[in-house]
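Okay, so here's the structure we're looking at.
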Amino acid sequence: MAIRRIAVEEAFVTPEIMTQWHVVLAGRDVEPGFAKMGEAILAQTPANKPLDDHLLDIGAGRIAHMDSIGVDMHVLSLTSPGVQVFEASLATRLAAASNDALAAAVQAHPTRFAGLAAVAPQDPPVAAREIERAARALGLNGLIINSHTMGEYLDAPRYRPIFEAAQAFDMPIYLHPREPAPSMVSPFLDYGLYFAGWGFAAETGLHAMRLIMSGLFDRFPKLRMVLGHMGEGIPFWLQRIDNRYLLEVKIGAVDELPKLPSQYFLDNFVITTAGVTSMPALRLCLDVLGAERILFAADFPYEDDAEAVRFMDGADVTGDERKQIYETNACRVFKLNA
Ligand code: MN
């Protein structure tokens, strides 16, 4: 069976955004999690130079790399934390400029690249207009939002214009990780726990659960969300989430929702394999969610994408499941050309 390998959480950055991160990091009152990122993976060091070079390349060099490991398509997205650490007007301007650069790369290589538009949640009505522009004028395939923005989560009512636009233009929102919000980051700052091994999933899983428990998906039932990293832990907990939700409803600790939390997860979310090459983790997600809700992602250039391909090529799944995960689910979710 011919399978196109489509990887859907593949990062890039523009030179201007990289420069502006360092302006923020050099300033006062830097968010503690972002400051840690500034000391680590965002630091302009010789060790990080190859990473930066990969992030800045959305042209021939990236395609040559994709060819070398047999990846057919990257669904590109502006890397974390994107524009979400800037004041609103700068964030808005840089999101639009990044989306223009992304759209140009996709137009230059339409069979190799697709793209998720960045938005600046700092200004929700303007973000909504950018979503319309990304869908209609730029032809991009969805949106990327890197969890919290200045410590705020998207269930707050002021962010509704973003979801209205995402639903109206049928743009799936990839809720991508970043370091935990300032309100909870302290115990994550030791031992590297703020980072991708634990803190990213704690932050992003919490954010997704806030969206579910806030009733967002009753207000926007056609909204489509994407979570990376095998669903940021949520598939593992889904039965217990329902079980304890029902107890909380019974004792009056939480308002009853029209559906169980797990049902919103099944109805409104898909997940990706990004950065996980564990067959037990994939097996659990297949059992809990079904192959139609799992998409392949490598998380290039942060992860070894050759290893991700070896894992998915050799995963203990049926041929049909492999094709769904590598190709057909991505084509459906992001409306890619077959
Ligand atoms: Mn990523």
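Computation of the quantities below employed the complete heavy-atom set of this structure, encompassing side-chain atoms and omitting hydrogens, waters and symmetry-equivalent molecules.
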I'd like to check E31 versus Q84 (side-chain heavy atoms, cut-off strictly below 4.5 Å). Are they in contact?
no

Expected output: side-chain E321 to main-chain T318 donor-acceptor under 3.5 Å:
yes

Between D155 and R219, does a salt bridge (Lys or Arg N to Asp or Glu O under 4.0 Å) hold up when you go through it step by step?
CA-CA 11 Å; D155 53 282; R219 195 167 270 111; over 6 Å; no

side-chain contact (heavy atoms from CB on, under 4.5 Å) between M66 and D305: does it pass, once the steps are laid out?
CA-CA 9 Å; M66 290 159 62; D305 51 355; 6.0 Å; no

Do the side chain of E10 and the main chain of A298 share a donor and acceptor less than 3.5 angstrom apart?
yes

Indicate whether the side chain of D242 and that of S262 have a donor and an acceptor atom separated by less than 3.5 Å.
yes

Between R5 and D313, does any NZ, NE, NH1 or NH2 come within less than 4.0 Å of an OD or OE carboxylate oxygen?
yes

Answer yes or no: are there more than 12 heavy-atom neighbours, outside D29 itself, under 6.0 Å from its atom CG?
no

Hey, are R158 and E152 close enough for a salt bridge, meaning a charged N less than 4.0 Å from a carboxylate O?
yes

State whether the number of non-hydrogen atoms from other residues, nucleotides or ligands found under 6.0 Å of D190 atom CG is greater than 12.
yes

Check: H74 ring centre within less than 6.0 Å of F300 ring centre:
yes

Ionic contact status for R112 with D67, cut-off 4.0 Å:
yes

Is it true that a side-chain atom of E203 and a backbone atom of P177 form a donor plus acceptor pair closer than 3.5 Å?
no

Flag the pair M18 / P15 as yes when at least one side-chain heavy-atom distance between them is below 4.5 Å, and no otherwise.
no

In K222, R224, R136, the residue satisfying salt bridge (Lys or Arg N to Asp or Glu O under 4.0 Å) with D170 is R224

Between D52 and V13 (side chain of the first, backbone of the second, donor and acceptor by atom type, cut-off under 3.5 Å), is there such a pair?
no

Donor-acceptor contact below 3.5 Å, side chain E16 vs main chain L94:
no

Residue pair L193 / P187, side-chain heavy-atom distance below 4.5 Å
no

Note, F296 side chain near T272 side chain (heavy atom, < 4.5 Å)
no

CZ/F236: more than 12 non-hydrogen atoms of other groups inside 6.0 Å
no

Between E130 and R133, is there a side-chain N and carboxylate O pair less than 4.0 Å apart?
yes

If we only count heavy atoms from C-beta on, is the L25 to V85 side-chain gap below 4.5 Å?
no

Got H229 and F200 here, is their nearest side-chain heavy-atom distance under 4.5 Å?
no

Nearest 0.5 angstrom please: Q324 CD to R322 CZ, how far?
12.0 Å

Is the distance between the ring centroids of Y174 and F334 under 6.0 Å?
no

Are the side chain of N329 and the backbone of L295 linked by a donor-acceptor contact shorter than 3.5 Å?
no

May I ask you to check whether R240 and N243 show a side-chain donor-acceptor distance below 3.5 Å?
no

Would you please test R4 and Y326 for side-chain contact (heavy atoms from CB on, under 4.5 Å) and show each step?
CA-CA 7 Å; R4 273 200 304 166; Y326 259 140; over 6 Å; no

Taking A91's backbone N and O only, do any of them form a donor-acceptor pair with Q122's side chain (distance below 3.5 Å, no angle check)?
no

Okay, side chain of D299, backbone of A274: is any donor-acceptor separation there less than 3.5 Å?
no

Any sub-3.5 Å donor-acceptor pair from R62's side-chain atoms to D57's backbone N or O?
yes

Heavy atoms, side chains only, cut-off 4.5 Å: are Q44 and N48 in contact?
no

Are L55 and M73 linked, directly or through intermediate hydrophobic residues, by side-chain heavy-atom contacts shorter than 4.5 Å (ILVMFWY only)?
no

Measuring from I17:CD1 to L56:CG, what's the distance to the nearest 0.5 Å?
10.5 Å

Indicate whether the side chain of S214 and that of Y153 have a donor and an acceptor atom separated by less than 3.5 Å.
no

In this structure, would L76 and V333 fall into the same cluster of hydrophobic residues linked by side-chain contacts under 4.5 Å?
no

Could you verify whether a donor N or O on one side chain and an acceptor N or O on the other, from E307 and T277, lie under 3.5 Å apart?
yes

Any Lys/Arg nitrogen of E327 or K323 sitting under 4.0 Å from an Asp/Glu carboxylate oxygen of the other?
yes

Going through the distances and angles, do Y264 and L257 end up as a side-chain contact (heavy atoms from CB on, under 4.5 Å)?
CA-CA 10 Å; Y264 295 103; L257 295 163; 3.7 Å; yes

Quick check against the 3.5 Å criterion: does E179 have a side-chain atom that pairs as donor or acceptor with the backbone of F34?
yes

In sequence, state the C-alpha distance, the side-chain angles, and the governing distance for L282 and M230, and then conclude on side-chain contact (heavy atoms from CB on, under 4.5 Å).
CA-CA 7 Å; L282 176 58; M230 295 291 184; 3.7 Å; yes

Do I271 and V226 have side chains that get closer than 4.5 Å, going by heavy atoms?
no

